[in-house]
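Notes follow the structure.
Quick caveat: nothing in here was measured; it's all calculated off a predicted structure.
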Amino acid sequence: MELVEETPYRFRIDRHDSMRVPGVVFASRPLLPDAGADKSLDQVANVATLPGIVTASYAMPDIHWGYGFPIGGVAATDVEADGVVSPGGVGFDISCGVRLLAAGLDRAELRPRLDALMDGLGASTPRGMGKGAVWHLSDRAELDAVMRGGSRYAVERGYGVERDLTRCEDYGAVADADPAQVSARALERGAAQVGSLGSGNHFLEVQAVEEVYDEAVASAFGLRAGQVAVMIHCGSRGLGHQIATDFIHTMEQVMPRYGIDVPDRQLACAPVSSPEGRDYLGAMAAAANYARANRQLLHHAAREVFQRITGSDLDLVYDISHNLAKIETHGVDGDQRRLCVHRKGATRALPPGHSDLPDDLRDVGQPVLIPGSMGTDSYVLVGVPGAPAFASTCHGAGRMQSRKQATKAARGHDPRRELEAQDIAVRGKSRRGLAEEMPIAYKDITAVIEATEGAGLCRRVARLVPIGVAKG
DNA sequence: ATGTGC
């Protein structure tokens, strides 16, 4: 794949074959995927062939190989020009995202109670494959309420406070959820998982604000140096996974009917305005709301433990997804167009002044929450005016080694001891689970953030370091 | 990511 270096942080893949737009990769040269081991640049080019795609097929600095679309990919299609929606452009973990909570105490004050806190969080955070959850919903009506109401429904039920909604993307729920499009199998898988972390790279982490780059913006977000914070990274569990599986299958079936030809079967898609496209977006929105409710319940559980052990509350800084498609209006060649913006392993980053921001963040911009790999730093960023890629940025460190490779590379390592040697308390997770998440399997988060900022996608606000982690 | 996949 031939890359043209436009700037040190921006590379172009010129149109070739059936590409409708160029590819644009935001990265530094060292962060570019290794063409031998990772086909994600081919995936950037493949995405550029989708009907209705506008401007470019984008990739963020944490790009790596994914199902059809690269992870770290952004693609927008013009709804009024037969633009398509593709489940592979959202991913299997629909609305996977990050919620950051700010505590009212400093790292030094927490130290004597850290073990008790971690024990409490370990016990109150359902995690791992299958396993338990904060809620077990047996009746369909209540699961429907979760899928329509998202974290609003959780707060109505007493699992949170009003501010948890104003600081959540979409104020806790998107309006266009259509639970009728969610299969019986997806409902069955999701019913007993509302309020659970899952496994893989999902975690609940106690962190400390190590460095603040912009005091004014950090203060507006509710963050200051030395402060304790909690980061929750999880998604829509089996419900979202099953919805993705169901609709990939549906779209594979109907694609020929719409005359759509794609270079990779995994790019299965349908026009946004087709019945299948609308049904997917309705089911996807239901999963998005489910994921917000999931993070709200885990927030509530952590808040109760925090209050009990430390006397401090956990205020929501922000909750934002990095696996979602949204209908948004953006300028394209001087026109305002309704676009279906796919962000897969990419985070929305609204600039200051955007009308979708809550009042107290309107002047500063949207918080962007970027989890590092296990045992490494996490970052809080903010959206900037005039950013490319439809107001999107990176989502994390980005995997470089497969889980299998990572397990192999971890031979001779004791991941738990290595974390504890860094003064990071660990709760849960098997040796194998930890081995798969070793930082050597990921890109360097600081290099990713530097490239993201260098490319003009967003700006640094604060850096957080891990103190304790609970994983599935 | 996932009632892992090899």
With sugar-phosphate meaning primed atoms plus P, OP1 and OP2, does [X] contact a base, only sugar-phosphate, or nothing at under 4.0 Å between heavy atoms?
| X | answer |
| --- | --- |
| A:Gln405 | nothing |
| A:Glu188 | nothing |
| A:Arg185 | base |
| A:Gly235 | nothing |
| A:Gly130 | nothing |
| A:Arg237 | sugar-phosphate |

Atom pair distance, as rounded to whole Å: [atom1] in [X] and [atom2] in [N]:
| X | N | atom1 | atom2 | result |
| --- | --- | --- | --- | --- |
| A:Leu434 | B:dT4 | CG | P | 18 Å |
| A:Arg403 | B:dT2 | CZ | P | 9 Å |
| A:His202 | B:dT4 | NE2 | P | 15 Å |
| A:Glu436 | B:dT4 | CD | C1' | 8 Å |
| A:Arg127 | B:dT4 | CZ | C1' | 19 Å |
| A:Asp93 | B:dT2 | CG | C1' | 9 Å |
| A:Lys404 | B:dC6 | NZ | P | 7 Å |
| A:Lys471 | B:dT4 | NZ | P | 17 Å |

- Contacts of A:Glu436 meeting side-chain contact (heavy atoms from CB on, under 4.5 Å) (sequence neighbours excluded), chain-then-number -> A:Arg403, A:Thr407, A:Arg432
- Query: In terms of the angle between their ring planes, are A:Tyr159 and A:Trp135 parallel, tilted or perpendicular, with boundaries placed at 30° and 60°?
  - Reply: perpendicular
- Item | salt bridge (Lys or Arg N to Asp or Glu O under 4.0 Å) contacts touching residues 365-384 of chain A (sequence neighbours left out) |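 Every salt bridge (Lys or Arg N to Asp or Glu O under 4.0 Å) pair that includes a residue of residues 365-384 of chain A, provided the two are not neighbours, is A:Asp377-A:Arg463.
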- Note on the structure: Nearest heavy-atom approach of A:Thr452 to A:Val448 is OG1-O, 2.6 Å
- Inspect the surroundings of CG in A:Asp139 and state if more than 12 heavy atoms from other residues, nucleotides or ligands are less than 6.0 Å away. yes
- Message: I want to check one thing: is the phosphate of B:dT2, taken as OP1 and OP2, less than 4.0 Å away from some side-chain N or O of A:Thr245?
- Response: no
